[in-house]
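Note that the numbering runs from 1 along the sequence shown for the chain. Counting starts at 1 for both ligands and their atoms, in listed order.
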Amino acid sequence: MRTATAIANANIALAKYWGKRAYAGNYPAVPSLSVTLAGLQTTTTVSFERSLSVDELMLNGVAQEGKELDRVAALLDRIRAVMLSPCFARVVSANGFPTASGLASSASGFAALAAASTRAAGLDVELDAVSDLARRSSASAARSVFGGFVSLDAGPIAVSNERLAAKMFAPADALDMHVLVCVVTEAAKTIGSTEAMRRTAKESSLYDAWLAVAPVQYASICDSLNRADFEALGRAAEASALTMHASAFAARIVYGTQSTFALLQSVRRLRDSGTLVFATMDAGPHVKVLVQSPNVAGVREQLVKSGHVLRVIDAQPCAQGVRFVDEDTR
Ligand code: ADP
Ligand code: DP6
């Protein structure tokens, strides 16, 4: 039996990935840039065991079947394809935050799984290869392999099977920024991001507009980060999120609830009154508020006062990418 345990942190995209190349392999249609977040993490143990006749997945203490298990088995199949004497695996994983709810559990989940399974199989743990492996299961997971601010290019335009890994764009201390994750529900979302992207590409009259605008917004976010200009970065990140959601809206996919929209208004009111604060949202109802250190306490108080937040997680950029438990330096 060969076992390895890896930890990966979730990330939140400032420039959103939404939409895939039409060919196989899960290549993004647009470039994205994220920040890896301290405090939101997944721990995954993979054991390859000769005695098993199928792969097994225990997620947050519950045995999984169906598409959750299939997604994990698909990654393990890629590992088995290069193992000398392949066998099935037992996977035990725990997310330290809500699963399938728009808090990027698939990102930290598949980054941790890619790292743990590579090591448990006795393969070379080269981070680019781990990031590419994670991307094939969930593209945002490619970014969670690295710490700090992380970019992921769009896939090649023509059919490709080449390696596409994320890379560190800037270190965690490149910008003073907190992400106040406003959790508005503990429930799982009704439509996963993979299916929502597929429907957006097929049904949204705004999808072509998104594909044209996203790279421009990405370039502006990269430029703001290079200049450590929080205000420009916040504005562009908010625009990226709202443009992405507009494309999904046009395919009748609405992730926001009343609380989501109320919080977006609160953020706008705070900004109108002179506080530098911006919002972003992913494939779920939670609002993530971008704010700098001096304003964290005041903004947090206002968000809680709104009555629309179950709890606020104050997350900061995390310097660490994926790591193994015996090397963990938390
Ligand atoms: P989220 O916003 O949480 O990323 P997604 O719908 O994109 O939501 O992905 C959630 C799915 O990712 C889950 O249904 C499950 O299939 C998978 N997933 C989440 N956490 C893990 C994990 N720790 N290990 C393996 N798969 C996971
Ligand atoms: C809105 O990476 O979950 O969070 O590749 O189909 O697994 P798949 O999609 P996923 O999508 C993330 C979408 C997003 C934006 C982002 O993280 O860039």
Side-chain angles (χ1 to χ4, degrees), residues 6-21 25-37 40-46 55 57-62 64-76 91-117 134-144 150-152 154-155 164 166 181 187-201 210 214 217-218 221 237 240-241 243-245 247-248 253 255 280-286 288:
I7 297 177
N9 287 62
N11 70 76
I12 163 120
L14 300 168
K16 303 294 181 193
Y17 144 59
W18 195 248
K20 301 167 195 284
R21 291 297 190 210
N26 205 36
Y27 289 83
V30 296
S32 57
L33 185 134
S34 60
V35 57
T36 301
L37 294 176
L40 298 177
Q41 66 185 37
T42 295
T43 305
T44 299
T45 301
V46 175
D55 290 318
L57 169 64
M58 185 75 96
L59 180 54
N60 300 325
V62 180
Q64 305 289 315
E65 288 179 347
K67 66 179 178 18
E68 274 74 21
L69 177 60
D70 292 348
R71 241 177 130 171
V72 164
L75 189 152
L76 295 169
V91 177
V92 178
S93 185
N95 298 324
F97 56 94
T99 298
S101 143
L103 292 175
S105 66
S106 62
S108 50
F110 286 103
L113 179 68
S117 54
R135 177 193 57 74
R136 287 170 191 272
S137 292
S138 184
S140 56
R143 301 184 311 234
S144 273
V150 182
S151 64
L152 176 65
L164 179 67
V181 180
K189 58 196 175 196
T190 47
I191 170 167
S193 29
T194 309
E195 170 61 10
M197 281 183 212
R198 199 192 58 74
R199 265 181 52 192
T200 304
W210 160 252
Q217 291 173 333
Y218 166 81
I221 287 166
S240 172
T243 312
M244 175 209 124
H245 279 276
S247 73
I253 298 162
Y255 280 113
T280 183
M281 295 133 64
D282 292 286
H286 316 293
K288 289 101 175 195

L113 to ligand 1, any heavy atom closer than 4.0 Å: no

Sub-4.0 Å heavy-atom contact, G284 with ligand 1: no

What are the atoms of ligand 1, with element, lying closer than 4.0 Å to any heavy atom of [X]?
X: G192; answer: 6 (O)
X: T42; answer: 23 (N)
X: L59; answer: 21 (C), 22 (C), 23 (N)
X: F110; answer: 17 (C), 26 (N)

For the pair [X] (side chain) and [Y] (backbone), establish whether a donor and an acceptor sit closer than 3.5 Å, ignoring hydrogens and angles.
X: R143; Y: S34; answer: no
X: Q64; Y: V62; answer: yes
X: S240; Y: K16; answer: yes
X: T280; Y: K288; answer: no

Exercise: do W18 and T200 side chains pair donor with acceptor under 3.5 Å: yes

Evaluating non-hydrogen atoms only, which member of [options] is closest to [atom]?
atom: atom 9 (O) of ligand 1; options: S108, A10, A111, S106; value: S106
atom: atom 11 (C) of ligand 1; options: Q41, M58, R71; value: R71
atom: atom 23 (N) of ligand 1; options: A8, G66, S93, A283; value: S93

I want to check something: taking the side chain as every heavy atom from C-beta on, are [X] and [Y] in contact at a cut-off of under 4.5 Å?
X: R135; Y: L164; value: yes
X: L14; Y: Y218; value: no
X: V150; Y: N11; value: no

Atom pairs and distances, ligand 2 N/O vs protein N/O under 3.5 Å:
unit_1, atom_1, unit_2, atom_2, d
ligand 2, 2 (O), S138, OG, 3.2
ligand 2, 2 (O), S140, N, 2.9
ligand 2, 2 (O), S140, OG, 2.6
ligand 2, 3 (O), S106, OG, 3.3
ligand 2, 3 (O), S193, OG, 2.8
ligand 2, 4 (O), D282, OD1, 3.3
ligand 2, 5 (O), Y17, OH, 2.7
ligand 2, 5 (O), K20, NZ, 3.1
ligand 2, 5 (O), N26, ND2, 3.2
ligand 2, 5 (O), A139, N, 2.8
ligand 2, 6 (O), K20, NZ, 2.5
ligand 2, 6 (O), T194, OG1, 2.7
ligand 2, 7 (O), R71, NH2, 2.9
ligand 2, 7 (O), S138, OG, 2.7
ligand 2, 17 (O), R143, NH2, 2.7
ligand 2, 18 (O), Y17, N, 2.9
ligand 2, 18 (O), R143, NH1, 3.0
ligand 2, 18 (O), R143, NH2, 3.2

Proximity to ligand 1 by part of V72, non-hydrogen separation under 4.0 Å: side chain

Ligand 1 versus D282: contacting region, heavy-atom distance under 4.0 Å: neither

Under 3.5 Å: N/O of N95 near N/O of ligand 1: yes

Short N or O distance, S105 and ligand 1, threshold 3.5 Å exclusive: yes

Results of side-chain hydrogen bond (donor to acceptor under 3.5 Å, both in side chains) for S108 - residues two or more places apart only: T42

side-chain hydrogen bond (donor to acceptor under 3.5 Å, both in side chains) involving S247 - partner list, sequence neighbours excluded: none

Inter-residue atom distance D282.CG - Y17.OH, 0.5 Å rounding: 12.0 Å

Y27: ring pair (Phe, Tyr, Trp, His ring centres under 6.0 Å) partners, not counting sequence neighbours: Y23

